[in-house]
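Some notes on the structure that comes next.
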Number of protein chains: 2
Amino acid sequence: MRPLFHPAIEDVAPQAILHALSDPARAAIFARITQAGCVNACSAVSALGDRVIPKSSLSSHIKVLREAGLIRCERNGVEMRNHSRCAEVEARFPGLLAAILNAYAGSDAPGAGTP
Amino acid sequence: MRPLFHPAIEDVAPQAILHALSDPARAAIFARITQAGCVNACSAVSALGDRVIPKSSLSSHIKVLREAGLIRCERNGVEMRNHSRCAEVEARFPGLLAAILNAYAGSDAPGAGTP
DNA sequence: CCCATAGTTCGGGATCTCGGAACTTACGGA
DNA sequence: TCCGTAAGTTCCGAGATCCCGAACTATGGG
């Protein structure tokens, strides 16, 4: 399978980023991918907090994040590697991702659940 | 008509803000309300760039922005005054609104069209 | 009292989203 | 080599959401 479609950084639209991150599940996935050193397997993400996300939903979420320009995906054998494109997005929209992730972290820590 | 429902600032969720601003039309409305000194009539907003927004859609957009905690609305006779709550939101989520509005302004200036 | 203006609500069609089941791909073991 | 297992994707139906025109409500003026 050839590289999937990834938008060029200059084609990334703010509304796509906001839409992608307006879902707490997607925001949590993105936060985890970003925090985990920009590499992560898709299934390693499926256990977010205490919520189990079905495979198909997870695949959709990953697709939304990818097409929004937030992550870059490539196959590695059976698994999928998801790199965060935070550096590119940061260069194009300074402070945006930091503010969004910080807002989520400050409100209810999407990547860690709230026991 | 009693004051409409407005969430307390501590009840404002990041996902609601991102969802509200993930629509370019809503982002443009909010940008205009914020830039116009935090006061504006609803109908004065309807002429955004070259796009005509139907009244019902505009009312919905305003409602979404209000319930997301981004603006405060109150009647003034026949008209509606829309104040931006940017200061409150800024205090709760530092840098968020600035980064979002800046992202839109840097990509295609939602409040001014791109001739 | 009647009308004009500003905004809200309602209704239907289009679009989006979620998630289960089936399918595809890739690797590993016998 | 052939089969089994694991990881993701695709397909499809049910439900939710969004958009916008038409009808409705509320306020103020003549």
**Request:** Check the distance between C/dC16's P and A/E67's CD and give it to me in whole angstrom.
**Result:** 12 Å

**Request:** Output yes when at least one side-chain N/O atom of B/H61 is less than 4.0 Å from OP1 or OP2 of C/dG7, else no.
**Result:** no

**Message:** So, does B/S59 get its side chain near the phosphate of C/dT8, meaning an N or O under 4.0 Å from OP1 or OP2?
**Reply:** yes

**Prompt:** Which nucleotide in the list C/dG19, C/dG7, D/dG8 gets nearest to the side chain of B/E79?
**Reply:** C/dG7

**Item:** Presence of A/S57 side-chain N/O under 4.0 Å of C/dC18 phosphate oxygens OP1/OP2
**Value:** no

**Of A/N76 and B/R66, the one whose closest DNA chain C nucleotide lies more 5'** = B/R66

**Prompt:** Roughly how far apart are B/L101 CG and B/T34 OG1, rounded to 0.5 Å?
**Reply:** 6.0 Å

**Fill in**
Comparing nearest nucleotides in DNA chain D, the 5'-proximal residue of the pair B/G77, A/V78 is A/V78

**Asked** Could you state the CZ-C1' distance from B/R26 to D/dC20, rounded to the nearest angstrom?
**Response** 14 Å

**Item:** side-chain contact (heavy atoms from CB on, under 4.5 Å) partners for B/K55, two or more places apart
**Value:** none

**Asked** Base, sugar-phosphate, or nothing: which does B/D23 touch, judged by heavy atoms less than 4.0 Å apart?
**Response** sugar-phosphate

**Item:** Separation between NE2 of A/H61 and CD1 of A/I29, rounded to the nearest 0.5 Å
**Value:** 5.5 Å

**Asked** Of B/S56 and A/S60, whose closest DNA chain D nucleotide lies nearer the 5' terminus?
**Response** A/S60

**Request:** State whether B/H19 places a side-chain N or O below 4.0 Å from either non-bridging phosphate oxygen (OP1 or OP2) of C/dC16.
**Result:** no

**Rounded distance in Å - CG (A/L4) to P (D/dT9)** = 7 Å

**Request:** Can you tell me the distance, in whole Å, between the CG atom of A/N82 and the C1' atom of D/dA7?
**Result:** 12 Å

**Asked** Taking CZ from B/R75 and C1' from D/dT27, how many angstroms apart are they, rounded to a whole number?
**Response** 7 Å

**Prompt:** Just how far, in rounded Å, is P of C/dT8 from CZ of B/F5?
**Reply:** 16 Å

**Prompt:** Can you tell me how far C1' of C/dC18 sits from CD1 of A/I29, to the nearest Å?
**Reply:** 13 Å

**Fill in**
B/H19 and B/V64 have their tightest heavy-atom pair at CD2-CG1, 4.5 Å

**Asked** So how far is it from A/F5 CZ to A/K63 NZ, rounded to the nearest 0.5 Å?
**Response** 11.0 Å

**Message:** Rounded to whole Å, how long is the line connecting atom NZ of A/K55 with atom P of D/dA6?
**Reply:** 10 Å

